[in-house]
Amino acid sequence: MCGIIGIVARDRVNQTLYDALTVLQHRGQDAAGIATCEGQHLHQRKDNGLVREVFRTKHMLSLRGSMGIGHIRYPTAGRASSTEAQPFYVNSPFGITLAHNGNLINARQLMREVFRDDRRHINTESDSEILLNVFAHELMKLGKLEIDENDVFDAVSGVHRRCVGGYAVIAMIIGHGVVAFRDPFGIRPVCFGYRDTEQGREYMIASESVALDALGFELIRDLEPGEAVYVDIDAQLHTRQCADNPVYSPCIFEYVYLARPDSIIDDVSVYKARLRMGERLADRILEAWPDHDIDVVIPIPDTSRTAALPLSYKLGVKYREGFIKNRYIGRTFIMPGQQERERSVRHKLNAIHRARHDLGADHSDGP
């Protein structure tokens, strides 16, 4: 799980990218990065840490340009290392930088192919760098000095033929535009939208719609499985289906836990999906255990609260808080390493003692 963002604007884009990454911070806490394009020049800053830790004033001042992409990382592949912070960059063809959310299940095979057949070197253990080099090679095979949207889409089609797994990708081609594409099964989410300014229309592509909402962009829609969207440097929008046999099979965990509840993914409200999960769970319990002796429903904060409320209502039992969350501890699920996750959970959640008082028993107000 990672968060990706791409913007083609009319003015400097660095602050908008920074703000969008902070909105998506729940998708990754290990590393953050931003790359911007100023004419034919690339400016980039990336490192380990939260968004607010990676980018200081001096870094923001150096990220010039009206087009850029950003990434926040949770290391599902490779290592928790600053060398694997994204976006990744290759200089040929044109200069391409790429940010990726997902996993390639044929990464080892692709690494051999990229070295043996494409004559490209992979410098990290990240499957994102592999994907970048596959895309760059497919674009280079066209043999053109100038490219248009059809050339970009043809390269994406080549990526779909070679790469197997779940992936949502945003890439910036220096001096040309920003392209985003989704795997043929639609496993990882990515959406796009626009906002109108005095200078003209601007476009944003993001992992979740909440990033668009927070920055005043109007959601257009999510990318279809296998589809690509390309926004050229003049802020002209182009879309095309680039997969041969797309099948919609999204990751259910986005709705269960990963996404923010105020996001909309594939035209489904994450909040409403969690409400329905609680209702369905109550139906299953009542069907299998109609004479249940459940005393109370206690969510483990925060994601499960949305499902716990309709569950307790349908079962006719009390809803109570059993754990208090320290809100200054980050998301423990995406901590880099099991030992750090366990330590963080101990600091993050604390059980409410003398819980029988909280269960609604008839006791005095004494200790």
Exercise. Between H160 and P184, is there a donor-acceptor pair closer than 3.5 Å when you use the side chain of the first and the backbone of the second?
Worked result: no
For this session: Check step by step if side-chain contact (heavy atoms from CB on, under 4.5 Å) holds for D47 and R45.
Result: CA-CA 7 Å; D47 203 352; R45 163 66 179 172; 3.7 Å; yes
For this session: Flag the pair E149 and R240 as a salt bridge only when some basic side-chain nitrogen lies within less than 4.0 angstrom of an acidic carboxylate oxygen.
Result: no
Exercise. Can you tell me if CG on D267 sees more than 12 non-hydrogen neighbours from other groups inside 6.0 Å?
Worked result: no
Exercise. Any donor and acceptor pair, going by atom type alone, linking the side chain of H59 with main-chain N or O of R56 inside 3.5 Å?
Worked result: yes
Problem set entry | Side chain S207, main chain I4, donor-acceptor under 3.5 Å | yes
Problem set entry | Main-chain N/O of F88 paired to E129 side chain as donor or acceptor, under 3.5 Å | no
Problem set entry | Minimal non-hydrogen separation, A228 against V156, with atom names | CB-CG1, 4.1 Å
Problem set entry | Residue pair W289, I294: steps toward the side-chain contact (heavy atoms from CB on, under 4.5 Å) verdict | CA-CA 10 Å; W289 192 14; I294 298 173; 4.0 Å; yes
Problem set entry | E38/R12 under salt bridge (Lys or Arg N to Asp or Glu O under 4.0 Å): CA gap, chis, key distance, verdict | CA-CA 9 Å; E38 181 187 29; R12 290 189 66 157; over 6 Å; no
Seminar exercise, completed: Taking every heavy atom of Q44 against every heavy atom of P87, the minimum-distance pair comes out as OE1-O, 3.4 Å
For this session: Determine whether the side chains of H26 and E208 contain a donor N or O and an acceptor N or O closer than 3.5 Å.
Result: yes
For this session: Report the residues that fulfil ring-ring contact (aromatic ring centres under 6.0 Å, His included) with F94, sequence neighbours left out, ordered by chain and then residue number.
Result: H176
Problem set entry | Transitive ILVMFWY side-chain link Y167 to I122, under 4.5 Å | yes
Exercise. Which pair of non-hydrogen atoms, one from E321 and one from I352, has the smallest distance, and what is that distance?
Worked result: O-CD1, 3.2 Å
Exercise. Taking the side chain from S157 and the backbone from C242, do they hold a donor-acceptor pair closer than 3.5 Å?
Worked result: yes
Problem set entry | Short side-chain to backbone donor-acceptor contact, D183 and F185, under 3.5 Å | yes
Exercise. Are F181 and I173 connected in a single hydrophobic cluster, I mean Ile/Leu/Val/Met/Phe/Trp/Tyr linked by side-chain heavy atoms less than 4.5 Å apart?
Worked result: yes
Problem set entry | E53 side-chain N/O to L50 backbone N/O, donor-acceptor pair under 3.5 Å | yes
For this session: Quick one: closest heavy-atom pair of D151 and L139, and the distance?
Result: O-CD1, 3.9 Å
Exercise. Would you call H121 and N123 a side-chain contact if the rule is heavy atoms closer than 4.5 Å?
Worked result: yes
Seminar exercise, completed: For D118, the salt bridge (Lys or Arg N to Asp or Glu O under 4.0 Å) test, sequence neighbours excluded, returns R162
Exercise. Any link between V152 and I69 through a network of hydrophobic side chains (Ile, Leu, Val, Met, Phe, Trp, Tyr) touching at under 4.5 Å?
Worked result: no
Exercise. Between R280 and E287, does at least one N-O distance fall below 4.0 Å, as a salt bridge requires?
Worked result: no
Seminar exercise, completed: Residue pairs passing the salt bridge (charged side-chain N to carboxylate O under 4.0 Å, His left out) test with at least one member in residues 2-11, sequence neighbours excluded, are none
Exercise. Is the shortest heavy-atom distance from the side chain of D295 to the side chain of V317 under 4.5 Å?
Worked result: no
For this session: Applying side-chain contact (heavy atoms from CB on, under 4.5 Å), run through V179 and Y230 and close with a yes or a no.
Result: CA-CA 4 Å; V179 58; Y230 176 62; 3.9 Å; yes
Exercise. When clusters are formed from ILVMFWY side-chain contacts under 4.5 Å, directly or step by step, what else is grouped with Y271?
Worked result: L275
For this session: For the residue pair M1 and F253, establish whether any side-chain heavy-atom pair is separated by less than 4.5 Å.
Result: no
Exercise. Measuring from C37:SG to L42:CG, what's the distance to the nearest 0.5 Å?
Worked result: 7.0 Å
Exercise. If you draw a 6.0 Å radius around NE2 in H292, do more than 12 non-hydrogen atoms from other residues or ligands fall strictly inside?
Worked result: yes
Exercise. Okay, side chain of D232, backbone of D234: is any donor-acceptor separation there less than 3.5 Å?
Worked result: yes
For this session: Might you point out which heavy atoms bring G70 and A99 nearest each other, and give the distance in Å?
Result: O-CB, 3.9 Å
Exercise. Is K141 salt-bridged to E138, cutoff N-O under 4.0 Å?
Worked result: yes
Problem set entry | Heavy-atom side-chain contact between I285 and K314 under 4.5 Å | no
Problem set entry | Remaining members of hydrophobic cluster (4.5 Å side-chain criterion), V23 | I5, I7, V13, L17, Y18, L21, L24, I34, V51, V54, F55, M60, L63, I72, M204, V210, L212, L215, F217, L219
Problem set entry | Heavy-atom side-chain contact between N350 and N326 under 4.5 Å | no
For this session: Would you name the heavy atoms of L104 and C163 that are closest together and state the gap between them?
Result: CD2-CB, 4.0 Å
Problem set entry | Rounded distance [0.5 Å steps], CG in L132 versus CG in D127 | 11.5 Å
Problem set entry | Working for side-chain contact (heavy atoms from CB on, under 4.5 Å), residues F153 and H238 | CA-CA 10 Å; F153 292 146; H238 313 271; 3.9 Å; yes
Problem set entry | salt bridge (charged side-chain N to carboxylate O under 4.0 Å, His left out) pairs, two or more places apart, involving residues 212-222 | R221-E227
Exercise. Any side-chain donor paired with an acceptor under 3.5 Å for Y248 and D266?
Worked result: yes
Exercise. Any salt bridge between R27 and E254, counting N to O under 4.0 Å?
Worked result: yes
Exercise. Sub-3.5 Å donor-acceptor pair from the side chain of Q241 to the main-chain atoms of P225, do we have one?
Worked result: yes
Problem set entry | Any side-chain heavy-atom pair of L237 and F192 under 4.5 Å | yes
Exercise. Between H71 (side chain) and H100 (backbone), is there a donor-acceptor pair under 3.5 Å?
Worked result: yes
